[in-house]
Every structure is written in C-alpha cells, then in structure tokens.
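Quick notes on the structure that follows.
Residue numbers begin at 1 in each chain, while the letters A, B, ... track the order of the sequences.
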There are 2 protein chains.
Amino acid sequence: MTLQELKYVVAVADERNFRRAADKVFVSQPSLSASVKKLEDELGVQLFERGPQEVLLTEAGRQVVAQARRVLDEAARVKVVAKEKHDPLRGTLRLGVIHTIAPYLLPDLVMALRSSAPGMPLDIEENLTANLDQMLRGGLIDVAIVAEPYSATGIETVPLYDEEFRVVVPAKHPWARRKAVSADELETQNLLLLSIGHCFRDQILEACREFAKPAPPGKEGNSLETLRSMVASGLGISVLPASALTQRYANPLIKVIDFLPPTPLRRVVAAFRTDFPRRAAVEAIAAAAPTLDLPVKAAPRQRP
Amino acid sequence: MTLQELKYVVAVADERNFRRAADKVFVSQPSLSASVKKLEDELGVQLFERGPQEVLLTEAGRQVVAQARRVLDEAARVKVVAKEKHDPLRGTLRLGVIHTIAPYLLPDLVMALRSSAPGMPLDIEENLTANLDQMLRGGLIDVAIVAEPYSATGIETVPLYDEEFRVVVPAKHPWARRKAVSADELETQNLLLLSIGHCFRDQILEACREFAKPAPPGKEGNSLETLRSMVASGLGISVLPASALTQRYANPLIKVIDFLPPTPLRRVVAAFRTDFPRRAAVEAIAAAAPTLDLPVKAAPRQRP
DNA sequence: TGCGGGTGATAGGCAATGACTATCGAGGTG
DNA sequence: CACCTCGATAGTCATTGCCTATCACCCGCA
C-alpha cells in the first residue's frame, strides 16, 4: 500500500470514472487501473464495481476511501509541519551560557535577536562549561556560549567577541589611585576567585602564572556578583571581565583598574555540534554580537 | 514522500541508530540512509543530526516524526477497515423487494439469514420492479428480489423459487364450492387486479390472454391485501400468489380455488449487477429460499 | 442492425526507482 | 596505534510503475 495508490483510489471515487481520475492525478488510465487493482488485491477487497455505465463504490470501497482520505490528510500535514520548520531562524533555539557571561550578555543579546530573528525564541540554560559541553554533545542544547579555550571533537565554534579583564579593588585599597597594575602584582594581594569549575577562575590563574602553583589564594565566590560584593566589603581584590563592569554596575565602594599591557582577555565563542543543521541560527548570534553595547572588541573570524 | 519513507524515519527515530533501524524495517543500512536523505531533501528540512556518537532528532525531526506516526497509524487503519469488509457476508446488504413479495417472504427470509449470515443486516427497499431496476443499476441497492420476466444488461439473476397462483373468491360466490377453475373462465367474472406498474398484474393478464385485449377489467387495488379485502367484501374475484395464502392469512369470507392445470405461476429471482462483488451474499439468499416455510417449489438453477 | 464513441482491462517495452554488496572516512576505545 | 562502530558513498541489478497501443464491451444512433 502506498500513498500514491491511496491518492488514485480517492481520485477514482471522486470522479467515478477511471479516465477522468487518471487525468486528475496525471497518469495514464492503464497505470491507474493497475494501481487500483494492486491495492484491491493487497487489501483483499474489491473497492469499485466497474460497470459499463459508471463506476460504483462498494461498501468496502466507501469505507476504505474515507480512511484513505484521512491518511492523505495526515500525510499532507507532514509537509506543512516540515515547511513550518524550514527556516532555521524559526523555532526555539536551546542555548547554554556560562555563568560568567549570561547575566551581562543575555539582556542585550535577547534584545538584538528579537529583531534579527523574531521567530526564534531562546530556551536558556546557565551552567558551567563542562556541563554545557555534555549537554551540547547530548543534544540537550543546540548552542553553547562559552569562553576559550574550548574544543571538542564534533564541535565547532564561532568567535563572538574578545573581552578584557580588569582588576577591581576596594575604594580605600592602596591601589585605588593607580592607573594600572601588572598581572604579577596580584600575587601580593588577597585575590578573590570563583570556585573551582568556573573557567573564568582558570583564565585568571593562567594570566597570573606566578602563583598558580603556590597555595590557593584567598576566599572563593560562587558568582561574579558575589565576588564584586566581597570586594566592595573590603575582603580583598578580584578580577572581572569588562562586560561585568559597565556603567550599570558602577559601585562607589569599588575601584576598577586596568591591567598593564598585555591586558589579559578571554575570547567568547558560540559552540555547536558540527552536524547541527541550523547554522544560520548560530550566524544570527555571531552577527548580533558586535552590535551589542558591551565594552568588548569584535573578534575576527580567524578559523572559519 | 512515501509511506515507506515515513516508516523508515520513524524507525530511525525509535532506534536512534541507522543500522538497528535498518534491521528493524528489514532493509540494508545504505538503503535506509538513502531513503531518509531523500525524504529530508523533499521536505527541505534535516530531520536527524548524524553524530558519531548517536543520532539526534532535530526540532523539525521531532515534529515530522510525530506527524509521520499519525500517518502510519491512519494507514494501518486502512487495512483494518478493509479486513473488516473482507467477508462478503459482513456488512449491510441493500435489498429491494417488490410489493407483492415483500410482506410474505421477508419475515421468514430475515429470520433465516439472521442465522446463516448474522453479520449481514438487510436494508430493505420495497418498490415496483421498474423502480428497483433503476435503483439496482444506479447502485442504490445491491440485490433486487423480483418476479420474472426480468432481464437487463449487466444484471444477473438467481432463481429463488416458483410460486403458483390461486383464485380467490368471496365465500358466497357461485364458484365457492368448485375445486378448480380454468384461467379462461376468469374473464366472465369481475376480476380485481393491482394497479398498473405491478408486475403481478401483468402476469395474471398474461395467464389469461383471452381478455388482455378488451377493456380493462373491474376495480384495481394498490396491494394484494387491498385486493384480498375487496374480495372478502364481495366486490369481485381475484388471483393471489400462493405465498399470500398461507394459514396465517386464512379468512372465512374468502374461498381459495386452484387453477386447472397448467397452473399459472411466477418465478421469483434475486437480481444483482454482474459486477457486484458480494456474490456470496446473493448465494446466501438463494440458499435460504428453499428452507423457508412457504407454499412454493424450489426453483432449479437452470441458467447458471 | 451496424457503427462511432464511450468505458475499463490487457499487452509489451522501457526507464526510474529502490535494493543490494562492498567500501570509505570519521570517531571512539582498548 | 590498532580495532571497532558509526553513517555515507559507489556501483550493479532487479523490480516497479509508467507509457503507448490495443482489446472487449456497452451504449446510443441511424
């Protein structure tokens, strides 16, 4: 039984005439006759009475044709469903973002995508890189926005932007008046870091190799906002990414100091499975990134 | 798009593995891959992400597969419907019967068929032969029980039984004591006949050729029961078929007289379109006829 | 009563479709 | 690094379904 046979049978039932039905479905009359007979044989029931005057539906034919219409109806809806999903910028995109990026990027990004891809709502998952990686491979999310270094087989990345690091110290800290500090100097202070698992912690330790080996530094916080508050309360100094230090987050208890060049930075990328079919959705995110009002540098597409 | 492609896609979605899915639907893995790709191309949407680890459903894939299941479901019901109609003795039989047979045959026939073909309810239409003929050709009824002579192209008949005619006279009629009368004698009496259109009228006139030409005889009735009542009231004599003169219809005001041989009779047949596929249903009727408690003679199958 | 115009079924040739086996290339795993 | 499994590809082959041409039948008309 094929959809075509069902189409043919319905056509014959509609036209009550094999020739007209054949024209209607764009085949020759013998082909149509053969197909109808084939279906009748398969079903073991005669569907039509071929009289010399007219073609009559048998009782079985009536029922089968009615059911065939339902099949064709549902089959037509397959195409409709597929067509609706045709545009990669339509349909929910499941997006994972690490904790140190989400709160600073998402408000603007969602805003930008709402106009550039209005048919693509975001289902957002905020988590650690390692977890996002697993979810990405497992198909639980479609795209992950993480910081480099990040690579995995079967995963591609598109750079979004480069984001410099800044030192934040309490307002009454001895460094509060300095214009810039060197990464090596941080060692001398009580450096507050994120807890283990946050990539941002590792990136800072990487930037300040000197004390990566010695004992772990001061206290740890669970989010950048926690760190910020801890600094504000005078507990120590810390390092935050530039996007966490916009005007919106200005705080009189905190002083922001640049690094002496080379300024450490992180590259933020969008990662997705190589086989992910909605690349245009990733492109939409990459295209939106440089338009955002963030203190970042557009990251050139270096490894396409 | 074919049902097979939909089956394949559903199998892949179920197994999340092309090889296992191929086994499940009894094709080689390359064939299955090709079919899936073909459907994806046709729909213009990628349904699966073929990762090295596992096969993932895209969002479009989820929706298409869900719809495909519905299609296959409905398609399976086509076979169920057909199977239900597989037995020609199942399903309503639309039966037409002429007025002069219906009330005497149907009660017994329905009873007999209820046991020999319990799954075949009768939808009964009572009408004149000419109308039944049209309905039979037009497919409005499946079988017509009529009296011969009846023939038409594209129509076959099966004899059911032969039924003799009897003369009925009022109880106080001069003939009331006679054992038998000749057809020719009827001319001398006030013969009550059915109105024009009833074949039984023509058959009586045929039996008594003598006065077929002269002026029309006495009054006319619209049914055999009307005639019977008219005879009972002394309005004249009439002729009835044997099946209308069983014990059940005995009436003290009426005397039944045999014809002198050759006794006129009518052959009752079941007529159906040559193309009618449920011949077994007709056979069931033919087989039931001789078992009925009617004063008739089984009609041999003379022209098969 | 024979003759066109209609029906659906049949016959024979042909091309497209789908299936197969064998193999590849990519990844993951010991 | 060898080995295994994944899905994709290549090439061949049989089946399928299609077409044109024709048949057999029935109708209505002359």
Side-chain angles (χ1 to χ4, degrees), chain A residues 1-9 11-13 15-42 46-58 61 133-134 136-139 151-156 273-277, chain B residues 1-9 11-13 15-42 46-58 61 134 137-139 151-156 273-277:
Chain A
M1 183 173 63
T2 69
L3 285 174
Q4 202 171 50
E5 285 165 358
L6 296 181
K7 267 187 214 118
Y8 289 178
V9 162
V12 172
E15 298 292 333
R16 297 187 170 280
N17 177 305
F18 276 65
R19 261 178 162 74
R20 286 198 302 275
D23 288 346
K24 190 175 173 182
V25 295
F26 305 111
V27 286
S28 67
Q29 169 264 317
S31 298
L32 179 131
S33 283
S35 286
V36 170
K37 179 189 284 280
K38 178 168 166 291
L39 181 60
E40 284 180 330
D41 287 348
E42 181 180 347
Q46 193 169 332
L47 303 177
F48 301 103
E49 275 182 50
R50 287 98 158 150
Q53 309 259 41
E54 52 184 340
V55 172
L56 293 175
L57 272 161
T58 66
D133 175 60
Q134 275 207 329
L136 191 59
R137 293 156 167 275
S151 77
T153 58
I155 302 288
E156 276 182 54
R273 292 179 298 278
T274 303
D275 314 294
F276 182 59
Chain B
M1 183 173 63
T2 69
L3 286 175
Q4 200 171 55
E5 286 165 359
L6 296 181
K7 267 186 214 118
Y8 289 179
V9 162
V12 173
E15 298 292 332
R16 297 188 171 280
N17 176 305
F18 276 67
R19 262 177 223 286
R20 285 198 302 276
D23 289 345
K24 189 175 173 181
V25 295
F26 305 109
V27 287
S28 66
Q29 169 264 316
S31 297
L32 179 131
S33 283
S35 285
V36 170
K37 180 191 285 278
K38 178 167 166 293
L39 181 60
E40 285 180 330
D41 287 349
E42 180 180 347
Q46 193 170 333
L47 303 177
F48 301 103
E49 276 183 48
R50 286 97 158 152
Q53 309 259 40
E54 51 184 344
V55 171
L56 294 174
L57 272 159
T58 65
Q134 275 207 331
R137 294 156 166 277
S151 76
T153 59
I155 302 287
E156 275 183 54
R273 292 179 298 278
T274 302
D275 312 295
F276 183 57

Any donor-acceptor N/O pair under 3.5 Å between dG7(D) base and Arg19(B) side chain: yes
For Tyr8(B), answer base if it contacts any base atom (sugar-phosphate contacts may also be present), sugar-phosphate if it contacts only those atoms, and nothing otherwise; contact means non-hydrogen atoms under 4.0 Å. sugar-phosphate
Which nucleotide in the set dG18(C), dG7(D), dC19(D) lies at the smallest distance from any side-chain heavy atom of Lys38(B)? dG18(C)
Any idea which of dG18(C), dA21(D), dG7(D) is nearest the Gln29(B) side chain? dG7(D)
Measure from the side-chain heavy atoms of Pro30(A) and tell me the nearest of dA9(C), dT9(D), dA8(D). dA9(C)
Please enumerate all residues that pass side-chain hydrogen bond (donor to acceptor under 3.5 Å, both in side chains) together with Lys7(A), with sequence neighbours excluded. none
Check whether Thr58(A) reaches the backbone of Leu47(A) with its side chain - one donor and one acceptor, N or O, closer than 3.5 Å. yes
Atom CG of Leu39(B) to atom P of dG18(C): distance rounded to whole Å? 11 Å
Glu40(B) CD to dG7(D) C1', straight-line distance once rounded to whole Å: 12 Å
Options dT10(C), dA8(D), dG17(D), nucleotide nearest the side-chain atoms of Glu5(A): dG17(D)
Any side-chain N or O of Ser31(A) under 4.0 Å from OP1/OP2 of dG17(D)? no
Identify the two heavy atoms, one from Arg137(A) and one from Arg273(A), that lie closest to each other, and give their separation to 0.1 Å. O-CD, 4.3 Å
Give the nucleotide from the list dT10(C), dA9(C), dA22(C) with an atom nearest to the side chain of Ser33(A). dA9(C)
Should Glu40(A) and Arg50(A) count as an ion pair when the cut-off is N to O under 4.0 Å? yes
Atom CG of Leu3(A) and atom P of dT17(C) are separated, to the nearest Å, by 17 Å
Interatomic distance, Ile155(A) CD1 vs dG27(C) P [rounded to whole Å]: 11 Å
Indicate, with a heavy-atom threshold strictly under 4.0 Å, whether Gln4(A) touches base, sugar-phosphate, or nothing. sugar-phosphate
Length of the line joining Phe48(B):CZ and dC6(D):C1', which is rounded to integer Å: 15 Å
So, is Ser28(A) near the phosphate of dC18(D), with a side-chain N or O under 4.0 Å from OP1 or OP2? no
Whole angstroms only, please: what is the CZ-P distance between Phe18(B) and dA26(C)? 18 Å
Take Leu32(B) and Arg137(A), find for each the nucleotide of DNA chain C with the closest heavy atom, and name the residue whose nucleotide sits nearer the 5' end. Leu32(B)
Would you indicate which nucleotide in dG8(C), dT9(D), dC18(D) comes nearest to any side-chain atom of Val27(A)? dC18(D)
Pick the closest DNA chain D nucleotide for Ala34(B) and for Ser35(A) by heavy atoms, then say which residue is nearer the 5' end. Ala34(B)
Quickly work out the Arg16(A) CZ to dG8(C) C1' distance and round it to whole Å. 16 Å
How many angstroms lie between CG in Leu56(A) and CZ in Arg16(A), if you round to the nearest 0.5 Å? 6.5 Å
Considering only dA9(C), dC20(C), dG7(D), which nucleotide approaches the side chain of Arg50(A) most closely? dA9(C)
So, taking the atom named CG in Asn17(B) and the one named CZ in Arg19(B), what distance separates them when rounded to the nearest 0.5 Å? 8.0 Å
Separation of dA26(C) C1' from Arg273(A) CZ (nearest whole Å): 17 Å
Under 4.0 Å between a side-chain N/O of Lys37(B) and OP1 or OP2 of dG7(D), yes or no? no
